[in-house]
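Here, residue 1 is the first one in the sequence, and each next residue gets the next number.
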Amino acid sequence: MGLLSNILWAFQRKGYSSIEDFNKEITDYQTLILKEKASWEPYKTVIDAPEINVFYEAWIKGKEDIADNETIIGDEDDVFSEDNSDYGMFQVEFSARLKAGNGINFTALDLLYQLQNQVSQKDLGDHIFFEGLTPNDAGQEENDTPTFSMNLGS
């Protein structure tokens, strides 16, 4: 069972400027779907590290859709080859570097807020439902930065 796999969320093509507004939306979403079984604990520490890397896949139009805190996985020429294009979009695997809002550790709210904003300008295809994070030792970089794969479902 992955980290936050008990939290339900559908990623949207919408960025949030207020973490409080996002917390209200995710709280309402948990209650709408899970009713009395909702267990959203926004201020619970879920990762005790100041920075993490998160791997995920998305569809983008080109290099201009890569955020400053993202790197693509794989050879850039292969990734953006016309052979890999589908209606002008490219399926890309990303590594995104996230920094804890408090500089020390990630709460459930901080982590999900950052993930939502990270993918808000990307096309996730049919895979918009958050299904947790899985620790990923293969991607661990220097300084032992924890690395996770984001699980998305349809």
Side-chain angles (χ1 to χ4, degrees), residues 1-73 79 86-141 145-154:
M1 197 159 167
L3 180 66
L4 295 179
S5 59
N6 63 324
I7 301 304
L8 303 179
W9 182 245
F11 287 111
Q12 305 160 41
R13 299 284 307 249
K14 168 185 177 182
Y16 289 84
S17 57
S18 163
I19 197 167
E20 293 83 14
D21 291 345
F22 179 71
N23 189 32
K24 180 178 179 347
E25 284 203 31
I26 198 163
T27 299
D28 292 348
Y29 191 81
Q30 300 306 299
T31 304
L32 175 70
I33 305 293
L34 296 173
K35 312 261 185 276
E36 66 279 347
K37 294 182 181 177
S39 63
W40 175 236
E41 298 176 73
Y43 303 107
K44 179 180 180 182
T45 299
V46 294
I47 298 175
D48 195 19
E51 295 184 1
I52 62 171
N53 294 313
V54 177
F55 292 135
Y56 71 96
E57 287 186 4
W59 291 88
I60 62 173
K61 292 179 183 173
K63 295 176 188 176
E64 67 276 7
D65 293 336
I66 301 171
D68 291 342
N69 69 328
E70 292 175 328
T71 56
I72 58 170
I73 307 301
V79 170
D86 192 9
Y87 298 102
M89 301 286 283
F90 300 92
Q91 188 172 22
V92 178
E93 184 175 2
F94 290 98
S95 175
R97 173 69 62 115
L98 303 181
K99 297 181 181 192
N102 63 13
I104 299 167
N105 52 36
F106 290 85
T107 63
L109 175 59
D110 180 32
L111 181 57
L112 213 48
Y113 174 71
Q114 289 194 49
L115 291 172
Q116 167 61 46
N117 283 337
Q118 189 70 44
V119 302
S120 66
Q121 301 301 311
K122 308 268 190 302
D123 185 344
L124 300 175
D126 293 339
H127 299 240
I128 62 168
F129 296 103
F130 179 73
E131 295 183 348
L133 297 173
T134 304
N136 185 346
D137 293 337
Q140 207 136 339
E141 296 180 7
T145 302
T147 301
F148 298 86
S149 293
M150 184 163 50
N151 305 313
L152 301 172
S154 53

Has the side chain of Q116 got a donor or acceptor atom that lies under 3.5 Å from a matching backbone atom of K14?
->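 Checked: pair present.
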Give a yes or no on whether the backbone of Y16 and the side-chain of N117 come within a donor-acceptor separation of less than 3.5 Å.
->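 Such a contact is found between N117 side chain and Y16 backbone.
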Find the distance between [atom1] ([X]) and [atom2] ([Y]) and round it off to the nearest 0.5 Å.
X: Q91; Y: I60; atom1: CD; atom2: CD1; result: 11.0 Å
X: I19; Y: L112; atom1: CD1; atom2: CG; result: 10.0 Å
X: L111; Y: L98; atom1: CG; atom2: CG; result: 7.0 Å
X: I52; Y: F148; atom1: CD1; atom2: CZ; result: 5.5 Å
X: L34; Y: N6; atom1: CG; atom2: CG; result: 8.5 Å

Apply the test side chain to side chain contact (heavy atoms under 4.5 Å, CB included) to residues L115 and M150: give CA-CA distance (whole Å), side-chain angles for both, the deciding distance (0.1 Å), then the verdict.
-> CA-CA 9 Å; L115 291 172; M150 184 163 50; 4.0 Å; yes
Could you walk me through whether D110 and Q114 pass side chain to side chain contact (heavy atoms under 4.5 Å, CB included), step by step?
-> CA-CA 6 Å; D110 180 32; Q114 289 194 49; 2.9 Å; yes
Listed by chain and number, what are the ring-ring contact (aromatic ring centres under 6.0 Å, His included) partners of Y56, not counting sequence neighbours?
->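 Testing Y56 for ring-ring contact (aromatic ring centres under 6.0 Å, His included), a comparison that skips the adjacent residues, returns F94.
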Name all residues meeting the side-chain contact (heavy atoms from CB on, under 4.5 Å) criterion together with N23; count only those two or more places apart in sequence or in a different chain, and write none if there are none.
->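 side-chain contact (heavy atoms from CB on, under 4.5 Å) list for N23, sorted by chain: I26, T27, W40, P42, Y43, L109.
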Under the side-chain contact (heavy atoms from CB on, under 4.5 Å) test, which residues partner E93, sequence neighbours left out?
->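 So E93 forms a side-chain contact (heavy atoms from CB on, under 4.5 Å) with F55, E57, I73.
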Without hydrogens or angle criteria, can the side chains of [X] and [Y] be said to hold a donor-acceptor pair below 3.5 Å?
X: N151; Y: S5; result: no
X: R97; Y: N69; result: no
X: N136; Y: S149; result: yes

Among Q30, E25, K24, which one satisfies side-chain contact (heavy atoms from CB on, under 4.5 Å) with D28?
->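 When side-chain contact (heavy atoms from CB on, under 4.5 Å) is applied between D28 and each of Q30, E25, K24, only K24 qualifies.
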Under the salt bridge (charged side-chain N to carboxylate O under 4.0 Å, His left out) rule, what pairs show up with a residue in residues 114-125, not counting sequence neighbours?
->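 Qualifying pairs: E70-K122.
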Carefully, step by step, assess L133 and L4 under the rule side chain to side chain contact (heavy atoms under 4.5 Å, CB included).
-> CA-CA 7 Å; L133 297 173; L4 295 179; 5.6 Å; no
Give the minimum heavy-atom separation between A67 and Q118, together with the two atoms involved.
->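 Shortest heavy-atom contact: CB-NE2, 3.9 Å.
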Between A100 and A49, what is the shortest heavy-atom contact and its length?
->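 Where A100 meets A49 most closely, the heavy atoms are CB-O, 4.1 Å.
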Do [X] and [Y] make a side-chain contact, defined as non-hydrogen atoms from C-beta onward lying under 4.5 Å apart?
X: S95; Y: N53; result: yes
X: T107; Y: V46; result: no
X: D65; Y: F90; result: no
X: L124; Y: V119; result: yes

Residues forming a salt bridge (charged side-chain N to carboxylate O under 4.0 Å, His left out) with K44, sequence neighbours excluded =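 K44 satisfies salt bridge (charged side-chain N to carboxylate O under 4.0 Å, His left out) with no other residue.
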Please report the C-alpha distance between W9 and Y29 in whole Å, then the side-chain angles of each, then the deciding distance to 0.1 Å, and finally whether the ring-ring contact (aromatic ring centres under 6.0 Å, His included) criterion is met.
-> CA-CA 7 Å; W9 182 245; Y29 191 81; 5.4 Å; yes
Keeping to residues at least two apart or across chains, list the ring pair (Phe, Tyr, Trp, His ring centres under 6.0 Å) pairs with something in residues 97-127.
->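 Matches after skipping sequence neighbours: F22-Y113.
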Dump the intermediate steps for side chain to side chain contact (heavy atoms under 4.5 Å, CB included) on L8 and F130, then the final yes or no.
-> CA-CA 6 Å; L8 303 179; F130 179 73; over 6 Å; no
